[in-house]
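This chain uses plain numbering: 1 for the first residue, then up along the sequence.
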Amino acid sequence: MNAGRPDRLDQSSGSAGDQRSRLDILFSGLAKQGLVINALALRELQQRYGRANIGYLWVIVEPLMLASVVTMIHSFVSHGAPAGDISPFTFTLTGYTIFIIFRNSFTRSDGVLHQYSSLLYHNMITPFDIMLAKSIVETIGCISALAVLQTFGVILGIAQFPARPIYLIGAIMLFSWWSFAWCLLAAAYTFHSPFLERLVHPASYFAMPLSGAFFTVSLLPAWARPYVTWNPMVPVFELARYGQFVSSPDRYTQVGFVVAANCFFTYWGLLAIRRVRRDIHVA
């Protein structure tokens, strides 16, 4: 009567063992890939800033200086921030330091596959790893600059800490993902086209006034709001302000739309990188 039970037990234990082994392989691969990305990020810091003077701290100081100057200028002359608990300093600081993630990473992605082609000699390194490491470096630097400047603003009484920090962090992660997707596209399409390579920097300048970094949707005319929010960057900045300010509404955040757009452009970027990968000649 029980003759079939040991076989079923052996099969179930065998399938469980296979599943554990597959998970072990997956986690081992992710751990190795994490080490590769960490090494590439450290290489990026070493190549860009070196160890002289303050060394790697330049990754924070560089966006810190740029954001502080732009924020101070806009806080005196800008009229795009609404009244209430939203101070001009914090309004501009939040918008510009987040936008720097896109600006710095996107403008450094043109021709990057030519510059780093020698690294692809190693089988564990892919163009995806190179672009992700560069994006992580830029994101960490800009987040650190935001934290430092906002802390000084609170001490001086011209800024306030985030009212909903989880939403602010989520907005930064979404915008970093968006920036990474466009870095993939820029790296792929500038590999064969010097003309497109020259358009990367101007494109980042045109993206700034359209991104929503310096305006809120609620201040725009009613007829313009549906069109503006089709730009995925605008809902991200609306989400960031909802996380930063108590009185900021969440009407135009549209997280689902941003996630869908990020998935689409990331998939497009991965396909473009895959096509270009076959044309990269490793010495």
Just how far is it from atom [atom1] of [X] to atom [atom2] of [Y], taken to the nearest 0.5 Å?
{"X": "I143", "Y": "I172", "atom1": "CD1", "atom2": "CD1", "answer": "5.0 Å"}
{"X": "L220", "Y": "Y227", "atom1": "CG", "atom2": "OH", "answer": "13.5 Å"}
{"X": "M131", "Y": "S179", "atom1": "CE", "atom2": "OG", "answer": "11.0 Å"}
{"X": "D110", "Y": "E197", "atom1": "CG", "atom2": "CD", "answer": "5.0 Å"}
{"X": "L132", "Y": "C183", "atom1": "CG", "atom2": "SG", "answer": "10.5 Å"}

At their closest point, which heavy atom of [X] faces which heavy atom of [Y], and how far apart are they?
{"X": "F106", "Y": "V200", "answer": "O-CG1, 3.3 Å"}
{"X": "A186", "Y": "S109", "answer": "CB-OG, 3.2 Å"}
{"X": "S144", "Y": "I140", "answer": "OG-O, 2.8 Å"}
{"X": "R241", "Y": "G212", "answer": "NH2-O, 2.6 Å"}
{"X": "A133", "Y": "A41", "answer": "CB-N, 3.8 Å"}
{"X": "A207", "Y": "F102", "answer": "CB-CE2, 4.0 Å"}

Do [X] and [Y] land in one hydrophobic cluster if side-chain heavy atoms of ILVMFWY residues count as linked below 4.5 Å?
{"X": "F91", "Y": "V154", "answer": "no"}
{"X": "I169", "Y": "Y96", "answer": "yes"}
{"X": "Y267", "Y": "I273", "answer": "no"}
{"X": "L40", "Y": "L35", "answer": "no"}
{"X": "M173", "Y": "I100", "answer": "yes"}

Does atom CZ of F152 have more than 12 heavy-atom neighbours, drawn from other residues, nucleotides or ligands, at distances under 6.0 Å?
no

Around atom OH of Y167, are there more than 12 heavy atoms from other residues, nucleotides or ligands closer than 6.0 Å?
no

Donor-acceptor pair, [X] side chain versus [Y] backbone, under 3.5 Å?
{"X": "D129", "Y": "T126", "value": "yes"}
{"X": "T229", "Y": "P226", "value": "yes"}
{"X": "Q160", "Y": "G153", "value": "no"}
{"X": "R164", "Y": "F245", "value": "yes"}
{"X": "Q244", "Y": "T90", "value": "no"}
{"X": "R103", "Y": "S204", "value": "no"}
{"X": "N262", "Y": "L174", "value": "yes"}

If we only count heavy atoms from C-beta on, is the [X] to [Y] side-chain gap below 4.5 Å?
{"X": "L210", "Y": "M233", "result": "no"}
{"X": "Y252", "Y": "V234", "result": "no"}
{"X": "H192", "Y": "L113", "result": "no"}
{"X": "P127", "Y": "R277", "result": "yes"}
{"X": "T151", "Y": "I155", "result": "yes"}
{"X": "L146", "Y": "L93", "result": "yes"}
{"X": "E238", "Y": "D250", "result": "no"}
{"X": "L168", "Y": "I98", "result": "yes"}

Between L184 and W268, does a side-chain contact (heavy atoms from CB on, under 4.5 Å) hold up when you go through it step by step?
CA-CA 9 Å; L184 291 176; W268 182 8; over 6 Å; no

By the definition side chain to side chain contact (heavy atoms under 4.5 Å, CB included), identify the one residue from V112, T139, N104 that meets it with K134.
V112

With respect to T253, which candidate in V258, V236, L239, V217 satisfies the side chain to side chain contact (heavy atoms under 4.5 Å, CB included) definition?
L239

Once you measure the plane-to-plane angle for W182 and W178, does it fall in the parallel (<30°), tilted (30-60°) or perpendicular (>60°) bin?
tilted

Between F237 and F175 (judged by ring centroids, cut-off 6.0 Å), do the two rings come close enough to count as a pair?
yes

Distance flag, aromatic centroids of F180 and F128, threshold under 6.0 Å
yes

